[in-house]
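What follows is a single structure, written as C-alpha cells, with notes after it.
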Amino acid sequence: MFKRIALVLFGLLLIVSMSGVCGAATREAGNPKYIFLFVGDGMSHVQINAAQVLRGNNTPGEVALGGLNFTRFPNVGVVTTHDSTSFCPDSASTATSLSSGVKTHSGVIGMEADKTKQTVNIAEQLKAKGMKIGIVSSVTINHATPAAFYAHVPSRNDYYGIAMQMANSGFDYFAGGTVKNATGTAKEPKPDAFEVIKSKGYTVVNTPEGIRSLNASSGKVYAVSPRLQDDGAMPYTIDETPADVTLAEFVQKGIEVLDNENGFFMMAESGKVDWACHANDALSTIVDVLGFEDAIQVAVDFAKQHPDETLILVTGDHETGGMTIGYAATGYKTAFSILNRQKMSYVAFDKRIGEMKAKTPKLTMEDVMPVIEENFGLIMPNDTDAKKEENAPFVLTEFEYKRLADAFAESMKPSDKRTDDEVAALLYGGYDPLSVTLTHIINNKAGIGWTSYAHTGTPVPVFAMGAGSEAFAGSYDNTDVYKKLAAVTGL
C-alpha cells in the first residue's frame with residue numbers, strides 16, 4: 001500500500017514539475033500575447049527613407065533625416081523577396097511566404113509551388129490556438145496580401161472565391177477596402193458576397209458612425225471604408241478628408257474588437273504604397289508611408305500598456321517601381337520640398353481632368369495649365385509667375401514643357417486610340433499620359449527617379465519591437481518571417 005501511495009505521489013509530483021517547467025519555458029521565451037504584423041505593400045528602404053527625407057531638413061550644412069517611429073525599433077532585419085518563379089515577385093507569392101513560410105509561383109495565394117497543396121498560415125494557426133484574428137488593408141479586402149492570411153487559391157484573380165473563403169474563415173475582424181467582384185463577373189454572376197458574409201455571422205458596417213462605435217461586444221465584424229476611391233480601395237492618404245476613416249482608425253478599432261484574455265494577431269496592410277509606386281507618384285507614396293506610420297503608432301501606444309506581451313513587426317512584401325533618391329539631371333542634389341507643391345494623387349488628378357474633358361470636349365493645354373499649377377506647382381516658361389524668384393524651381397524647361405505637351409496630346413485621345421508602342425510604354429506605363437508625366441517631372445526636379453512600373457527584386461527591411469523581437473534581427477529570407485513568428489508564438 002505504501003509503495004502504491006508513493007508511486008501516485010511521485011507521479012503527481014512529476015506532472016506538477018513538468019507543467020511548471022513548461023510554464024517557465026513559455027514565460028522565459030517571452031511568447032507574445034498581442035501580435036501586430038504591418039505590411040507596407042511595395043515598401044522597401046527607399047520608400048521609407050524618402051519619407052524621412054521629406055520630413056527632414058535639406059538645408060545645406062544641416063541635412064538631417066526626420067525619423068519614423070518604426071525606424072527607431074530596436075531590432076532590424078533585411079529580407080530577400082524572390083519567389084519560385086522570379087526575382088521580381090508579386091504580392092500573392094510574397095505574402096504567402098510571409099504568412100506560410102513557403103515559396104510559390106507569382107499569382108498564387110496560400111498554396112505551395114505545385115499549386116495543389118494548401119499551406120497552413122500563421123493566422124489560421126493562431127486562431128486554432130485560441131487567439132482572435134484581424135485582417136486590415138487599405139485596398140480591397142480580397143486583394144493578394146490580405147488574402148494570403150485567410151485564403152488558398154491557385155490564382156489571385158479568383159476574387160469571388162477568395163471572398164467566400166473570407167466569409168468562412170471565422171476570423172474576428174476585417175477592415176479597410178471593399179470586396180472586389182462581390183457579385184462575381186458579368187460572364188459569371190454570383191450571389192452577393194456581402195450577403196454571404198453576413199450569413200456567416202459578421203456585422204458589416206460602412207459608415208463613420210458605425211465604425212467608430214465598434215467595441216469588444218461587436219462580435220465578428222467587417223468594417224468597410226465609407227469612401228472608396230480607385231478599384232474599391234480606401235482613398236490615398238494625400239486625398240483624405242476629415243470625414244474619412246483612416247488606416248490608423250481601423251487599427252484602433254481592431255484592437256477594441258479583438259482584445260481578449262487569449263490575445264490576438266492583426267495583419268494590417270498599407271496597400272496603396274504599392275499602387276502609388278506602380279504609377280511613379282512619389283508624394284502619394286511618401287504620404288501613404290506617413291499614414292502607415294500613424295497606424296503603427298496606434299500599436300506602439302497599445303504596446304506601452306502591454307510592454308511584455310506585445311510584438312510589433314513592420315515590413316514590406318517587395319519593392320515597387322525601382323524608386324531612387326537621385327536622378328541623372330539633378331546629380332548629387334535633392335530638393336524634396338518641391339514635392340510639397342503637389343496637392344493630390346494622380347488618381348484624384350485624373351478624375352479632375354476627366355471632369356474638365358466632360359465639360360469641355362476640345363480641351364487645350366492653356367485650359368489645363370492653371371489646374372496643373374494649382375495642384376502640382378509647375379509653371380509654363382512664359383508665365384508671369386515664372387519671373388518670381390520663389391517659383392524658380394517650378395518653372396518648366398523647354399524640354400519638360402515639350403514632354404508635358406506631348407503627354408497632354410496623348411491624354412486627350414480616347415484610351416483605345418493612344419499610341420501603343422515601345423516608347424509610349426516606357427514613357428507612360430499604361431497610366432494616363434498627362435498625370436504620369438506630371439509626377440515624373442516633379443519627382444525628377446526633387447531628385448527622385450524610377451526604373452519600373454512593376455515590382456523589383458530589391459530586399460525589404462523588417463523592423464521589430466517587443467516580446468520576441470530579437471528573433472527578427474539579421475539577414476534572412478521572407479519565408480523565415482513566418483518561421484520566426486511560429487517559433488516566438490510557440491507553434
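At a threshold of 4.5 Å between non-hydrogen side-chain atoms, the residues I162 and K180 do not count as touching. Side chains of S225 and P235 form a contact here, defined as non-hydrogen atoms less than 4.5 Å apart. Counting heavy atoms from C-beta on, the side chains of S218 and T203 never come closer than 4.5 Å. Using a 4.5 Å heavy-atom cutoff, the side chains of L68 and L290 are in contact. Side-chain contact between V102 and Y482: absent, with no pair of heavy atoms (C-beta onward) separated by less than 4.5 Å. Side-chain atoms of N391 and R341, non-hydrogen and from C-beta on, do get closer than 4.5 Å to each other. Side-chain contact check for T458 versus V46: every heavy-atom pair is 4.5 Å or farther apart. Here the side chains of M380 and E373 are not in contact, with every heavy-atom distance at 4.5 Å or above.
At least one donor-acceptor pair closer than 3.5 Å links the side chain of K220 to the backbone N or O of K200. Checked by atom type and distance alone, the side chain of D294 never pairs as donor or acceptor with a backbone atom of A248 at under 3.5 Å. Judged by distance alone, the side chain of S138 and the main-chain N or O of M234 form no donor-acceptor pair under 3.5 Å. N478 places no side-chain N or O within donor-acceptor distance of the main-chain N or O of L98, the cut-off being under 3.5 Å. Judged by distance alone, the side chain of T320 and the main-chain N or O of A454 form no donor-acceptor pair under 3.5 Å. Side chain of E293 to main chain of F70: no donor-acceptor pair is present (N/O by atom type, distance under 3.5 Å, no hydrogens or angles). In this structure, the side chain of K103 engages the main chain of H82 through a donor-acceptor pair within 3.5 Å. Between the side chain of D367 and the backbone N or O of T364 there is at least one donor-acceptor pair closer than 3.5 Å. Between the side chain of H152 and the main chain of G110, a donor-acceptor pair closer than 3.5 Å is present. Formation of a donor-acceptor pair under 3.5 Å by the S44 side chain with backbone atoms of P459 is found in this model.
Note that the OG1 atom of T71 and the CD1 atom of I296 stand 10.0 Å from one another [nearest 0.5 Å]. Here F36 contributes atom CZ and I312 contributes atom CD1; the two are 6.0 Å apart, rounded to the nearest 0.5 Å. Remark: L283 CG to I338 CD1 distance equals 12.0 Å, nearest 0.5 Å.
Here the closest non-hydrogen pair linking Q47 and T285 is CG-CG2, 3.8 Å. What you find for A95 and A148 is that their closest heavy atoms are CB-CB, 3.5 Å. The shortest non-hydrogen separation linking G271 to D41 is CA-CB, 3.8 Å.
The pair D383-K388 does not meet the salt-bridge criterion, since no charged nitrogen lies less than 4.0 angstrom from a carboxylate oxygen. Taking the charged nitrogens against the carboxylate oxygens, E249 and R212 do have a contact shorter than 4.0 Å, which makes a salt bridge. Under a 4.0 Å N-O distance rule, the pair E355/R352 does not qualify as a salt bridge. A salt bridge is defined here as a Lys NZ or Arg NE, NH1 or NH2 lying under 4.0 Å from an Asp or Glu carboxylate O, and E400 with R403 fails to meet this definition.
Using bins of under 30°, 30° to 60° and over 60° for the plane-to-plane angle, the ring pair F349/F376 lands in the perpendicular bin. Using cut-offs of 30° and 60° for the angle between ring planes, the F174 and Y150 rings count as perpendicular. The aromatic rings of H440 and Y453 are tilted relative to each other, their planes meeting at an angle between 30° and 60°.
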For R418 and D432, run salt bridge (charged side-chain N to carboxylate O under 4.0 Å, His left out): C-alpha distance rounded to whole Å, both residues' side-chain angles, the deciding distance at 0.1 Å, then the answer.
-> CA-CA 10 Å; R418 291 174 185 165; D432 183 90; 3.4 Å; yes

Please test Q342 against D281 for side-chain hydrogen bond (donor to acceptor under 3.5 Å, both in side chains), starting from the C-alpha separation and ending with a verdict.
-> CA-CA 10 Å; Q342 184 178 334; D281 183 343; 3.0 Å; yes

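Side-chain contact, N57 with T59: a donor N or O sits under 3.5 Å from an acceptor N or O. D192 and T183 are not linked by any side-chain donor-acceptor pair at a separation below 3.5 angstrom, with hydrogens and angles left out of the test. When only modelled atom types and interatomic distance are considered, N49 and Q52 share a side-chain donor-acceptor pair under 3.5 Å. Defined by atom type and a distance below 3.5 Å, a donor-acceptor pair is missing between the side-chain atoms of T119 and N121. For the residue pair N280 / T439, no side-chain donor-acceptor distance below 3.5 Å is found, with atom types taken as modelled.
Taking a 6.0 Å sphere around NZ of K413, one finds it holds more than 12 heavy atoms contributed by other residues, nucleotides or ligands. In E390, the CD atom is crowded: over 12 heavy atoms of neighbouring residues, nucleotides or ligands sit closer than 6.0 Å.
If you look at Y202 and Y222, their ring centroids are not closer than 6.0 Å.
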